[in-house]
Amino acid sequence: MAIECMITTTRSTQSMAQPPSLKTEHKQDDQKPLVFDASVLRYQTEIPEQFIWPDEEKPCANTPELQVPLIDLGGFLSGNKQAAMKASTIVGEACQKHGFFLVVNHGVDNQLIADAHRYMDDFFGLPLSEKQRAQRLAGEHCGYASSFTGRFSSKLPWKETLSFRYSADKSSSSIVQDYLCSKMGEEFKEFGRVYQDYSEAMSTLSVGIMELLGLSLGVGRAHFKEFFEDNDSIMRLNYYPPCQKPDQTLGTGPHCDPTSLTILHQDQVGGLEVFVDDKWHSISPNLNAFVVNIGDTFMALSNGSYKSCLHRAVVNSQTPRKSLAFFLCPRDDKVVKPPNGLVDDTSCPRIYPDFTWPMLLEFTQKHYRADMKTLQVFSNWLQQKSS
Ligand SMILES: C=C1C[C@]23C[C@@]1(O)CC[C@H]2[C@@]12CCC[C@@](C)(C(=O)O1)[C@H]2[C@@H]3C(=O)O
Ligand SMILES: O=C(O)CCC(=O)C(=O)O
Ligand SMILES: [Fe+2]
């Protein structure tokens with residue numbers, strides 16, 4: 001394995017040694033703001049230095065494929081007990097190792113998935129000034145972001161994103177459509193409807209997967225299902241334009257999702273990588289499958305037994321890549337603590353303190369450039385604050 005494919009522990013140890021407030025990165029006032037406009041950048045032979053990643057984090061050639069189980073949800077969703085037991089055992093093994101698995105026969109309409117991809121092409125194909133009608137504002141996590149140019153000044157991701165909030169609360173049945181129309185105009189009504197429907201489908205699927213995770217952890221189907229039934233989640237459209245120097249940059253830098261569960265649909269281009277057994281592995285595209293991964297919040301809910309694993313996305317010089325990510329999050333007031341069945345004072349003591357999702361979200365947004373060990377750093381910070 002090439003040395004640049006390895007991640008040394010030095011970096012994360014250094015991060016943890018400093019108070020999180022020191023890790024906030026500010027843009028220098030005297031710098032001309034950098035703009036990520038793919039329609040302009042594609043005509044340049046070099047890429048701006050802010051997008052060039054350090055050698056030890058650059059993409060590697062010949063990444064091996066990650067062996068992730070393909071879970072057939074068909075039997076489980078239609079109430080077949082044997083299928084449920086089989087699926088929960090396989091999912092449990094994957095979650096203890098790296099937290100990634102694929103689901104097929106998930107019940108989500110293929111036409112809806114295709115529409116969600118098609119409307120992404122329309123949106124990200126708009127001129128920058130039009131996309132900026134939905135500009136993500138400082139300190140917020142929703143809206144349109146062309147890279148993270150306003151937020152960080154180095155190791156910028158080669159991507160554009162459009163993010164919005166989804167709420168499973170009955171009184172918010174058109175929250176996605178209303179938000180997108182309010183930002184982009186009434187002509188985006190159909191666009192908004194597609195992502196409203198898609199987010200709803202993801203919410204339903206994620207609650208189903210929560211039942212499976214509850215079974216696999218031995219706490220029963222109901223516990224996590226009830227915890228997430230009224231979820232207040234985030235939907236993100238990731239668009240990775242082709243890059244003339246794909247070996248120098250990253251589409252999404254190495255990170256663990258701080259959220260609870262991510263359901264990702266990647267197109268046929270490929271680019272998702274996961275860090276397992278000290279090296280990067282790719283997850284091959286499969287249009288019939290969703291890639292599911294455990295996030296930090298669920299790692300805390302499982303008292304550390306299910307892993308939230310480092311992942312990233314690489315880009316290529318030829319083809320734009322798209323992925324649709326639904327980040328499941330609990331309602332704001334829910335206390336994140338593992339069920340009693342997963343805690344034992346002697347054999348399985350609590351690893352993380354109680355917190356709420358807005359606390360962790362604020363931490364990742366305001367105090368820290370979260371990447372490798374967000375949950376651990378956040379947890380140390382909480383414990384230090386309360387002592
Ligand atoms: C680089 C990052 C952006 C992100 C926070 C993070 O440090 C790692 C994960 C990203 C993510 C994914 C889910 C939604 C989001 C708001 C979050 O909590 O974690 C985003 C963060 C972001 O875009 O600011
Ligand atoms: O695009 C991908 O494959 C990964 C995106 C991702 O990890 C994220 O948005 O959190
Ligand atoms: Fe992610």
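FYI, the numbering just counts along the sequence from 1. Note that this is a predicted model, so its numbers are computed, not measured.
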(request) Report the C-alpha separation of Lys337 and Leu301 in whole Å, then their side-chain angles, then the decisive distance to 0.1 Å, and conclude whether the side-chain contact (heavy atoms from CB on, under 4.5 Å) test is met. (result) CA-CA 5 Å; Lys337 64 187 289 193; Leu301 282 169; 5.9 Å; no
(message) Would Val291 and Leu272 count as a side-chain contact (heavy atoms from CB on, under 4.5 Å) here? Give the steps.
(response) CA-CA 10 Å; Val291 182; Leu272 174 61; 4.0 Å; yes
(request) Test Leu70 against Val104 for side-chain contact (heavy atoms from CB on, under 4.5 Å), laying out the working first. (result) CA-CA 7 Å; Leu70 190 68; Val104 288; 3.7 Å; yes
(request) Report the C-alpha separation of Asn380 and Gln384 in whole Å, then their side-chain angles, then the decisive distance to 0.1 Å, and conclude whether the side chain to side chain donor-acceptor pair (under 3.5 Å) test is met. (result) CA-CA 6 Å; Asn380 296 348; Gln384 188 189 312; over 6 Å; no
(request) Using the side chain to side chain donor-acceptor pair (under 3.5 Å) rule, take Glu65 and Ser284 through it: C-alpha gap first, then chi angles, then the decisive distance, then the call. (result) CA-CA 7 Å; Glu65 205 176 308; Ser284 297; 3.1 Å; yes
(message) What verdict does the side-chain contact (heavy atoms from CB on, under 4.5 Å) test give for Met359 and Phe363, after you've listed the backbone C-alpha separation in whole Å, the side-chain angles of each residue and the deciding distance to 0.1 Å?
(response) CA-CA 6 Å; Met359 291 159 76; Phe363 182 81; over 6 Å; no
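At most 12 non-hydrogen atoms from other residues, nucleotides or ligands lie less than 6.0 angstrom from CG of Asn340. Taking a 6.0 Å sphere around NZ of Lys86, one finds it holds 12 or fewer heavy atoms contributed by other residues, nucleotides or ligands. More than 12 heavy atoms of other residues, nucleotides or ligands lie within 6.0 Å of CD in Gln44, so this atom counts as buried by the packing criterion. More than 12 heavy atoms of other residues, nucleotides or ligands sit less than 6.0 Å from atom CD of Glu130.
Atom OG of Ser379 sits about 10.0 Å away from atom CE of Met299, to the nearest 0.5 Å. Summarising the geometry, atom CZ belonging to Arg165 is positioned 10.5 Å from atom SG belonging to Cys329; distances are rounded to the nearest 0.5 Å. Here the CH2-CG distance, from Trp357 to Asp333, works out to 15.0 Å after rounding to the nearest 0.5 Å. Taken from CG in Leu112 to CG in Asp197, the straight-line distance is 6.0 Å, to the nearest 0.5 Å. The OG atom of Ser260 sits 9.5 Å away from the CG atom of Asp296 when rounded to the nearest 0.5 Å.
In this structure, Thr259 and Leu328 have side chains that are not in contact, with every pair of non-hydrogen atoms separated by 4.5 Å or more. Considering only heavy atoms from C-beta on, Leu215 comes within 4.5 Å of Phe76 through its side chain. Looking at Asp267 and Pro285, their side chains never come closer than 4.5 Å, going by heavy atoms from C-beta outward. Contact of the Phe326 side chain with the Leu205 side chain is not registered, since no non-hydrogen atoms from C-beta on lie closer than 4.5 Å. Using a 4.5 Å heavy-atom cutoff, the side chains of Cys309 and Cys256 are not in contact. Looking only at side-chain heavy atoms (C-beta outward), Ser233 and Phe327 stay at 4.5 Å or farther from each other. By the 4.5 Å heavy-atom criterion applied to side chains, Leu324 and Leu264 are not counted as neighbours. No side-chain heavy atom of Arg133 sits less than 4.5 Å from a side-chain heavy atom of Gln135.
For the pair Ser347 (side chain) and Asp344 (backbone), a donor-acceptor distance under 3.5 Å is absent. In terms of modelled atom types and a separation under 3.5 Å, the side chain of Tyr144 and the main chain of Thr161 share no donor-acceptor contact. Between the side chain of His281 and the backbone N or O of Lys279 there is at least one donor-acceptor pair closer than 3.5 Å. Judged by distance alone, with hydrogens and angles left aside, the side-chain atoms of Arg221 form no donor-acceptor pair with the main-chain N or O of Lys225 at under 3.5 Å. Ser206 places a side-chain N or O within 3.5 Å of a backbone atom of Met202 that can act as its donor or acceptor partner. A donor-acceptor pair is defined here as one N or O able to donate and one able to accept, closer than 3.5 Å; no such pair exists between the side chain of Ser323 and the backbone of Gln266.
Closest of all the heavy-atom pairs between Trp53 and Gly253 is CH2-CA, 3.5 Å. Considering all non-hydrogen atoms of both residues, Asp332 and Asp232 come closest at OD1-OD2, 4.4 Å. Here the shortest heavy-atom pairing between Cys142 and Tyr179 reads C-OH, 3.8 Å. Pairing each heavy atom of Ser147 with each of Leu156, the nearest pair is OG-CB, 3.5 Å. Closest non-hydrogen pair, Ile90 versus Pro69, comes out as CG2-CB, 3.4 Å. What you find for Leu102 and Ala289 is that their closest heavy atoms are CB-CB, 4.3 Å.
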Under 3.5 Å, which donor-acceptor pairs link side chains of residues 245-252 to any protein atom two or more places apart or in another chain?
unit_1: Thr249; atom_1: OG1; unit_2: Phe51; atom_2: O; d: 2.7
unit_1: Thr252; atom_1: OG1; unit_2: Lys159; atom_2: NZ; d: 3.0
unit_1: Thr252; atom_1: OG1; unit_2: Tyr240; atom_2: OH; d: 2.8

Which atom pairs, one a donor and one an acceptor, fall under 3.5 Å between side chains of residues 118-128 and the rest of the protein, sequence neighbours left out?
unit_1: Arg118; atom_1: NH2; unit_2: Asp115; atom_2: OD1; d: 2.9
unit_1: Asp121; atom_1: OD1; unit_2: Lys322; atom_2: NZ; d: 3.4
unit_1: Asp121; atom_1: OD2; unit_2: Lys322; atom_2: NZ; d: 3.2

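In this structure Asn303 satisfies the side chain to side chain donor-acceptor pair (under 3.5 Å) test with no other residue, sequence neighbours excluded. Take Glu200 and apply the side chain to side chain donor-acceptor pair (under 3.5 Å) test, not counting sequence neighbours, and it matches Gln196.
No continuous path of hydrophobic side-chain contacts links Met85 to Val103 [ILVMFWY only; heavy atoms under 4.5 Å]. Under a hydrophobic clustering in which Ile, Leu, Val, Met, Phe, Trp and Tyr are joined whenever their side-chain heavy atoms come within less than 4.5 Å, directly or via other members, Tyr239 and Val269 fall into different clusters.
Taking the charged nitrogens against the carboxylate oxygens, Lys97 and Glu93 have no contact shorter than 4.0 Å, which rules out a salt bridge. In summary, Glu57 and Lys155 engage in a salt bridge, as defined by a charged side-chain N under 4.0 Å from a carboxylate O. Salt bridge present: Asp230 and Arg331 bring a charged side-chain N and a carboxylate O closer than 4.0 Å.
Among residues at least two apart or in separate chains, ring-ring contact (aromatic ring centres under 6.0 Å, His included) pairs with a member in residues 301-324 are Phe100-His311, His255-His311. Annotation: side-chain hydrogen bond (donor to acceptor under 3.5 Å, both in side chains) contacts involving residues 74-85, sequence neighbours excluded, are absent.
The only option from Pro64, Pro254, Pro59 that meets the side-chain contact (heavy atoms from CB on, under 4.5 Å) definition with Trp280 turns out to be Pro254. For the side chain to side chain donor-acceptor pair (under 3.5 Å) with Asp169, the lone residue among Ser171, Ser173, Ser167 that qualifies is Ser171.
In this model, no donor atom of one side chain and acceptor atom of the other lie less than 3.5 Å apart for Gln244 and Arg42.
Using cut-offs of 30° and 60° on the angle between ring planes, the pair Phe188 and Phe191 is perpendicular. Between Phe355 and Phe378, the ring-plane angle classifies as perpendicular under the 30° and 60° cut-offs.
Here the two rings, on His117 and His265, have centers that are under 6.0 Å apart.
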